[in-house]
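Notes for the one structure printed next.
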Amino acid sequence: MEKKITRIGVLTSGGDSPGMNAAIRAVVRTSVYHGIEVFGIMRGYQGLIEDDIYQMESRSVANIIQRGGTILKTARCKEFFEFEGRSKAYANLKKRGINGLVIIGGDGSFRGAVQFGKEFDIPCIGIAGTIDKDILGTDFTIGFDTAVNTAVEAIDKIRDTMDAHDRIFIIEVMGRDAGYIALHSGIATGAENILIPERKTDMDDMIASLLEKERRKKLVNLIVVAEGDDYGGANEVEKTLKEKLPNAEIRVCILGHIQRGGAPSCIDRLIASRMGYHAVESLIVGRHNVFVGIQNNKMHYIPLENAVKSKGKISEEWIKIVKILAS
Ligand code: F6P
């Protein structure tokens, strides 16, 4: 017989993503609705180890659904990789009688939860929160839509000045292991080339096509590069292009952490609310050690240990569309 969930802890871990606050709000208010006590854990697993934990109520999450970042703060906690760190974390949960844990984060945070769940008697539920959308098993991760829209807005602005000066622009977007932000923002802004970690960059092919465009006076060219592209990011691409296209005017812009902030989009608020609600429902019905995802607009519960990066899964059709539309 499963133990009744009476006290839930919630934390955000890893890189923050817009919509995490909406997810916290949903977890807190669904718990309160069910008469379950709920505790906010500060700075992810770090706060769990350091006992930085406070009780939350419905009002604790007022006026946050529209805010980026995370009111619980976040961290990438090395100590939690060690058994000693996890033991301290468990002791802090135990002393408060917390018997369910909601982890809002990416695959790294979920891997921590798997180990924790194996060693200690604490049911864990993950909520997929990362701007990179690099977790297999869910069509959405909280923050991706906002990050892509931020990138699109910035690239549109760059396009104005790029066009005015007949320049080549190389814009680097986030995505250490995954190219979804680059692919989606690149397609949406009409990029001529999109370089992503999932595919080997064919620099010779890109140079040949830029030279051909130069011959026919198509001088405005947008290249969107994911930071984790195998060629080494925007600065490396610039070095090579400057050498091979001496007549071209080339500029670089690295968008960086601007993509992680800002008010979450409507989609991110919706999926965060839905996932937060279902995370608590799952704990209650005994569906443990899974993370909450959405596939084909239906809730999906994927074992935490299957939360692997979706590297290499970008569809060939997208790549073809980029090529055809960029001519
Ligand atoms: O995981 C999200 C992400 O934004 C990646 O795209 C990026 O490489 C990384 O986090 C940056 O992390 P940090 O803010 O710790 O430098």
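Counting convention: from 1, in listed order, for ligands and their atoms alike.
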Do Glu79 and Glu82 touch side chain to side chain, with heavy atoms closer than 4.5 Å?
-> no
Close side-chain approach of Ile103 and Phe291, heavy atoms under 4.5 Å | no
Minimal non-hydrogen separation, Gln259 against Ala147, with atom names = O-CB, 3.3 Å
Given that the side chain starts at C-beta and the backbone is N, CA, C, O, which of these parts of Ile131 lies under 4.0 Å from ligand 1, counting heavy atoms, or is it both or neither?
-> side chain
Would you please say whether a donor-acceptor pair under 3.5 Å links the side chains of Thr6 and Asn99?
-> yes
Nearest to [atom], what protein heavy atom do you find, and at what distance?
{"atom": "atom 7 (C) of ligand 1", "answer": "Glu227 OE2, 3.0 Å"}
{"atom": "atom 2 (C) of ligand 1", "answer": "Asp132 OD2, 3.3 Å"}
{"atom": "atom 14 (O) of ligand 1", "answer": "His257 NE2, 2.8 Å"}
{"atom": "atom 4 (O) of ligand 1", "answer": "Arg260 NH1, 2.9 Å"}

Does CD in Glu153 sit with more than 12 non-hydrogen atoms of other residues, nucleotides or ligands closer than 6.0 Å?
-> no
Any Gln259 heavy atom less than 4.0 Å to ligand 1 = no
Does at least one non-hydrogen atom of Gly175 fall below 4.0 angstrom from an atom of ligand 1?
-> yes
N or O contact, Arg76 vs ligand 1, cut-off under 3.5 Å | yes
Give a yes or no on whether the backbone of Thr138 and the side-chain of His300 come within a donor-acceptor separation of less than 3.5 Å.
-> no
